[in-house]
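Remember, it's a predicted structure, so these values are computed and weren't measured experimentally. A, B, ... follow the sequence lines: proteins, then strands. Residue 1 opens every chain.
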Number of protein chains: 2
Amino acid sequence: MKNTTLVTMTTSDSVPSRRQTWQKDAVLHALGTSQGFVSAQQLHRQLTQHGSAIGLATVYRTLNSLVADGLADSLVGREGESLFRDCSKDHHHHLICNGCGVAVEIEAKQAEAWASKVAKDHGFTDVSHTIDIFGLCKQCTK
Amino acid sequence: MKNTTLVTMTTSDSVPSRRQTWQKDAVLHALGTSQGFVSAQQLHRQLTQHGSAIGLATVYRTLNSLVADGLADSLVGREGESLFRDCSKDHHHHLICNGCGVAVEIEAKQAEAWASKVAKDHGFTDVSHTIDIFGLCKQCTK
DNA sequence: GTCTTATTGATATCCATTATCAGTAAGGCT
DNA sequence: AGCCTTACTGATAATGGATATCAATAAGAC
Ligand SMILES: [Mn+2]
Ligand SMILES: [Mn+2]
Ligand SMILES: [Zn+2]
Ligand SMILES: [Zn+2]
C-alpha cells in the first residue's frame, strides 16, 4: 500500500517567500549611511560597534541577495575584496576615490554603446561589461 | 676594534639585478602558449604535467613580476581569482569569452577618452580605469 | 673556482568568503 | 492565541587563492 501524505502547497514550484528580519533592515540601513563602497567586514564591524549583535555570515548573505535583487552594487576593490554600495536600480558606473572611498555615480552612455558595439562586431552574445574609474578625489589629492 | 668588511657595490642604492632562471622562462613560455587568460594555478598544473618541477610560489612570483614589468596583463575573473595573459606592452583592453576564455584584444580609444574626461571633470587625479567586456564568443554561443 | 645574494620551493600562514547545521522566529493558517 | 512549516540566523568549520617564511640552491660577477 502506498504511503500517501497530504501536502499543502501554494504552487507547484513556488519561490520560497522572503521573510522580513531586523537583520536585513540593519544591513540595508547601514549600507545606506555609508558614503562610498564598503566591504562586508566593515559593515559588520560598524553594526557590531553600534550594539547590533548580527552575525558576519548574515551580513554576507544579505549583501549578496541585495546585489542579486539589484538593490545594491558590488565591485572588486584594489585588494580583491568585494565592495558594496546602496544604489539605484538602473545600470550605471562609478568614479571611485582610492583615498577615502567616496564614489561618484556616473553616466556611461558613451562607454556602454561603445562596449556593446565592439562585442557585437566580434560576434559575441550575452554581453556584459566592467567599467570603473579610479583615482584620487579633489580632497585626497591635497 | 671595528670589524670592517670590504663591500663592492655598483651604486649606493642599487636595484637588485635580475637573474635568469629556467623557471622564469618556463612560466613566460607557458603563458605564451595559452589562448586566453589563465590563472596561476592553471599554469602551474600545466607546467607540472609537462614534467616541469616548478614550485607554485614561483609561478605566482613570476607572474606578478611580469605584470609589474608590463610584460603580462592581469584581470580579476568571475570567481575573484587573478587571471594572466601574455600581452603587448601598450595599454589596451579585452573582450573575453565566458565559455572558452579566449580573449580578443581591443582598441578602446573612445572609452579611454571618455574615462579620463569624466575623471577630470570631477577633479580626480592619478586616474586609472577598468574596462573589460565579457560575453560568449561565436563558437560558445552555439 | 669563490663569493655574494637573488631565487627557489616546501611549508605555514593569512584572509575573505562560503558551507554546515542545529537552533530560532517569521508569518500563514486555524 | 496556539500551531506548524520552513526561511533565516549565527557560531564555527572548511575552503581556496595568495602571500610570508626560511633554509637550500644556483646565477653571475670577480
Ligand atoms: Mn552605483
Ligand atoms: Mn592584453
Ligand atoms: Zn578621496
Ligand atoms: Zn568562447
Whole Å only: how far is the [atom1] atom of [X] from the [atom2] atom of [N]?
X	N	atom1	atom2	result
His44(A)	dA16(C)	NE2	P	13 Å
Gln20(B)	dG28(D)	CD	C1'	11 Å
Leu43(A)	dT17(C)	CG	P	12 Å
Arg19(A)	dA26(C)	CZ	C1'	5 Å
Gln41(A)	dT17(C)	CD	P	6 Å
Arg18(B)	dA29(D)	CZ	P	15 Å

request  = Using a cut-off of strictly less than 4.0 Å, decide whether Tyr60(B) has a side-chain nitrogen or oxygen near OP1 or OP2 of dA18(D).
outcome  =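 For Tyr60(B), the contact criterion (side-chain N or O under 4.0 Å from OP1 or OP2 of dA18(D)) is met.
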So does Asn64(A) get a side-chain nitrogen or oxygen closer than 4.0 Å to the phosphate oxygens (OP1/OP2) of dT17(C)?
no
Bend of the helix from dG1(C)-dC30(D) to dT30(C)-dA1(D) from end-axis comparison, five pairs per end, nearest 10°, comes to 30°
Counterpart residues, side-chain hydrogen bond (donor to acceptor under 3.5 Å, both in side chains), relative to Asn64(B) (two or more places apart):
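Asn64(B) satisfies side-chain hydrogen bond (donor to acceptor under 3.5 Å, both in side chains) with no other residue.
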Can you list the residues that meet the side-chain hydrogen bond (donor to acceptor under 3.5 Å, both in side chains) rule with Thr58(B), with sequence neighbours excluded?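 Here the qualifying residues are Arg61(B).
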Quick note, side-chain hydrogen bond (donor to acceptor under 3.5 Å, both in side chains) partners involving residues 132-142 of chain B, not counting sequence neighbours, are Thr125(A)-Thr141(B)
Need to verify one output field. Residue with the more 5' nearest nucleotide on DNA chain D, Glu81(B) or Pro16(A)?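 It is Pro16(A) whose nearest nucleotide is closer to the 5' end.
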On a heavy-atom basis, the closest approach of Ala103(B) and His94(B) is CB-CD2, 4.5 Å
Cluster membership besides Val76(B), Ile/Leu/Val/Met/Phe/Trp/Tyr side chains within less than 4.5 angstrom, sorted by chain and number, is Val76(A)
Going by chain and number, the hydrophobic cluster around Leu56(B) (ILVMFWY, side chain to side chain under 4.5 Å) further includes Tyr60(B)
Please check: side-chain N/O of Glu81(A) versus main-chain N/O of Glu79(A), any donor-acceptor pairing under 3.5 Å? yes
Within the structure shown, what part of the strands sits under 4.0 Å from Ser17(B) by heavy-atom distance: base, sugar-phosphate, or nothing? sugar-phosphate
Pick base, sugar-phosphate or nothing for Ser82(A), based on heavy-atom distances below 4.0 Å to the nucleic acid.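 Counting heavy atoms under 4.0 Å across all strands, the contact made by Ser82(A) is with sugar-phosphate only.
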Please list every donor-acceptor pair under 3.5 Å in which a side-chain atom of residues 16-23 of chain B meets a protein atom from a residue at least two apart or in another chain.
| from | atom 1 | to | atom 2 | distance (Å) |
| --- | --- | --- | --- | --- |
| Gln20(B) | NE2 | Asp25(B) | OD2 | 3.4 |
| Thr21(B) | OG1 | Lys24(B) | N | 3.3 |

What's touching nucleotides 9-13 of chain D from the protein side, N or O pairs under 3.5 Å?
| from | atom 1 | to | atom 2 | distance (Å) |
| --- | --- | --- | --- | --- |
| dT9(D) | OP1 | Thr21(A) | OG1 | 2.8 |
| dT9(D) | O3' | Gln23(A) | NE2 | 3.0 |
| dG10(D) | OP1 | Gln23(A) | NE2 | 3.2 |
| dG10(D) | OP1 | Ala53(A) | O | 3.3 |
| dG10(D) | OP2 | Gly55(A) | N | 3.1 |
| dG10(D) | OP2 | Thr58(A) | OG1 | 2.7 |
| dG10(D) | N7 | Arg61(A) | NH2 | 2.5 |
| dG10(D) | O6 | Arg61(A) | NH1 | 3.3 |

N/O donor-acceptor pairs under 3.5 Å from side chains in residues 111-120 of chain B, not counting sequence neighbours:
| from | atom 1 | to | atom 2 | distance (Å) |
| --- | --- | --- | --- | --- |
| Glu112(B) | OE1 | His129(B) | NE2 | 3.4 |
| Glu112(B) | OE2 | His91(B) | NE2 | 3.0 |
| Glu112(B) | OE2 | His93(B) | NE2 | 2.6 |
| Ser116(B) | OG | Glu112(B) | O | 3.4 |
| Ser116(B) | OG | Ala113(B) | O | 3.1 |
| Lys117(B) | NZ | Asp121(B) | OD2 | 2.7 |

